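Because the structure is a prediction, the values reported are computed rather than measured. Atoms considered below: every heavy atom in the structure, side chains included; atoms not considered: hydrogens, waters and symmetry mates.
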Amino acid sequence: MPGATLSRWTMSYFAAACLFLVIGQGIMVAGYGYPFADVDAPETLALVHVLAIGWLGLLMVGALLQFVPVLVAAPLRGGRLALPVLLLLVSGLLLLVGGFGTMADLGELSPAMLPLGALLLVTGFGLAAAMLAATLVAARPLPLPARFVGLGLLALVATVLIGAVFALVLSGTVASDFATTLLIHGVPSHAALGLGGWLTLTAVGVSYRLLPMFMLAPEEARGTSRLVWWAGSAALALVVGRITWLVLDDSAAQGPLAFAALLAGIATLLYCADVIRLFRQRRRKAVEFNIRASYAAFVALFLSVVLFIVPGARAAAGEGGAALVYLFVFGWLTGLGLAQLYKIVPFLTWLECYGSVLGRVAVPRVQDLVRERRSSLWFCLYYGAVAAATGALFAESALWFRAALLLQLIATVGLIAELVRARMLSSVAEPLRFPVGAPRPHLFLPIARQQE
């Protein structure tokens, strides 16, 4: 397939993302952030951005560098920007977290860290969006999965720009009435654009391409799939419209957000119905491990979105629906991300190592690069810990929440260790591990240029 080349820096993005995931969960286990502090406390803000940018953001950008060319069957445009983008995002995040540390009086840190970090993040995400958007635009007309990605990129740009305004206000760099009003009333919109728009719509679009490919199911776009796109687009427009409304009326009602949440619920129901349809229509009867490991993530998506629409459930979930947001972030987005890494990492490693010698020597299968039985135990522990942590937040039990978090962190480290083993070919039988002519993969360094 045209465009189905190896992205040189995808593994580096994945490695950095996994590191931030472990750091974020470790911070929570240590007792920082919500529920050990207020939702709007600087410690919580630092934790949220470590996970949203460091884990989910880097994971998504790294995956899109590999899969956007596959979605549109065209080469990636501006691929040389991948390394500068990675450096900008990591350095920008570290400065942003340092700026939140200044707000929390955690040390003698410069107050300029917050706006400077925001500048680097805007630049990094802007370059990433430009690189991916240029690839999409050059391949028109776009298939439906690619249109989801395009919509997600628009949400990314809006999310980053709003976040930059927040950083300028919090640091005292800007003191305009509009910017202050946006900070006071715009946080829910900022979160909705990031988690629901950028990350979820993009994940949905990529899954509409990858799930049929993995399960050998029909790939044609259906009416329900198009309705998911339209409902997501309308919800995104309502969120952006409310932000614009704040310019004219700082007492803007919550109605647009409530209606956007309803549309998101409809889109979620239709998307889950599409996933079930793909599963039933698959020609591959024994589904691969990454699909089985994603089942709980789809359940978490359904429960978190549907319950968030119900006022009583949202109120019982804590400040800002914290328990449901936790289930959404760790059950849906993180669960899906970890599950798909169990396909992406072994497959890319297999291509990198054995693609040049296929047909000339015996090579292992992709599934031989991982130990599925051991990995399934880690996934069971992970999803069980997420469920327990969500229940503890509903019960307002910080002690049980911390205990569940510790189990979740242990499971996460176990899952990442399995990915490292796959990258090092540790599970491959010795006679097949390094046949003559096959290059040895680096753990997270870029793939050699001649393999692009």
Side-chain angles (χ1 to χ4, degrees), residues 1 3-7 9-15 17-18 21 55-56 58-71 145 149 199 202-217 219 275 278-279 282-298 300-301 332-355 358 363-380 382-383 411-412 414-428 441 443-444 447:
M1 177 184 293
T5 54
L6 293 180
S7 172
W9 292 98
T10 286
M11 288 299 172
S12 302
Y13 277 84
F14 288 169
C18 289
L21 174 60
W55 158 236
L56 294 172
L58 291 178
L59 175 70
M60 187 62 75
V61 173
L64 291 179
L65 292 176
Q66 181 63 52
F67 287 117
V68 163
V70 175
L71 292 179
V149 174
L199 293 169
T202 304
V204 167
V206 173
S207 69
Y208 269 130
R209 177 67 178 89
L210 295 186
L211 289 179
M213 183 170 63
F214 292 153
M215 295 191 292
L216 299 181
E219 295 188 23
V275 171
L278 290 171
F279 181 81
R282 73 191 190 282
R283 292 190 293 275
R284 175 174 287 169
K285 296 305 178 183
V287 295
E288 294 182 303
F289 177 71
N290 65 299
I291 302 297
R292 300 196 304 272
S294 300
Y295 292 162
F298 292 119
L301 169 66
W332 158 238
L333 290 173
T334 300
L336 182 72
L338 289 171
Q340 298 313 311
L341 281 179
Y342 263 74
K343 179 66 177 183
I344 298 170
V345 171
F347 183 64
L348 294 184
T349 302
W350 185 85
L351 281 178
E352 179 186 356
C353 296
Y354 306 117
L358 281 178
V363 300
R365 302 172 302 168
V366 175
Q367 55 266 42
D368 292 334
L369 274 63
V370 293
R371 295 289 181 90
E372 293 187 359
R373 179 172 298 182
R374 187 168 56 203
S375 300
S376 65
L377 296 177
W378 287 123
F379 270 109
C380 288
Y382 175 81
Y383 283 120
T412 301
L415 290 169
I416 294 173
E418 293 299 322
L419 293 175
V420 171
R421 285 176 55 83
R423 191 73 183 142
M424 297 175 65
L425 306 175
S426 299
S427 298
V428 178
L443 185 57
F444 60 86
I447 297 170

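- Applying the side chain to side chain donor-acceptor pair (under 3.5 Å) rule to Y382 yields no partners; only residues at least two apart in sequence or on another chain are considered.
- Under the side chain to side chain donor-acceptor pair (under 3.5 Å) criterion, R374 pairs with E418, not counting sequence neighbours.
- In this structure, the salt bridge (charged side-chain N to carboxylate O under 4.0 Å, His left out) partners of E288, at least two apart in sequence or on a different chain, are R284, K343.
- Remark: Q340 pairs with N290, S294 by the side chain to side chain donor-acceptor pair (under 3.5 Å) rule, at least two apart or across chains.
- Among all heavy-atom pairs drawn from Y13 and L65, the shortest one is CE1-CD1, 3.6 Å.
- Between the side chain of Y383 and the backbone N or O of G335, at least one donor-acceptor pair lies under 3.5 Å.
- Residues that satisfy the side-chain contact (heavy atoms from CB on, under 4.5 Å) test with L21, not counting sequence neighbours, are Q25, L51, W55, F330, T334, L338, T412.
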Problem set entry | Test log, rule side-chain contact (heavy atoms from CB on, under 4.5 Å), inputs V366 and L351 | CA-CA 9 Å; V366 175; L351 281 178; over 6 Å; no
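- For Y208, the ring pair (Phe, Tyr, Trp, His ring centres under 6.0 Å) partners are F148, Y271, not counting sequence neighbours.
- For the atom pair S375 OG and L419 CG, the distance stands at 7.5 Å (nearest 0.5 Å).
- In terms of the side-chain contact (heavy atoms from CB on, under 4.5 Å) criterion, residue partners of F14 (sequence neighbours excluded) are, by chain and number, T10, M11, L59, A63, L341, I344, V345.
- For R371, there are no salt bridge (charged side-chain N to carboxylate O under 4.0 Å, His left out) partners two or more places apart in sequence or in a different chain.
- Put simply, CE on M213 and CG on L210 are 4.5 Å apart, with the number rounded to the nearest 0.5 Å.
- Minimum heavy-atom separation, R282 to V287: NE-CG1, 3.3 Å.
- For V428, the side-chain contact (heavy atoms from CB on, under 4.5 Å) partners at least two apart in sequence or on another chain are Y354, P364, L369, L425, L432, R433.
- A search for side-chain contact (heavy atoms from CB on, under 4.5 Å) contacts involving S426 returns R421, M424, not counting sequence neighbours.
- Between the CG atom in L278 and the CZ atom in F214 there is a gap of 12.5 Å [rounded to 0.5 Å].
- Taking F379 as the reference, F289, Y342 meet the ring pair (Phe, Tyr, Trp, His ring centres under 6.0 Å) condition, with sequence neighbours excluded.
- The minimum heavy-atom distance linking T349 with A422 is given by the pair CG2-O, 3.9 Å.
- For the pair F279/F298, no side-chain contact is recorded, criterion being any heavy-atom separation below 4.5 Å from C-beta on.
- To the nearest 0.5 angstrom, Q66 atom CD is 10.5 Å from L71 atom CG.
- For T202, the side chain to side chain donor-acceptor pair (under 3.5 Å) criterion is met by no residue, not counting sequence neighbours.
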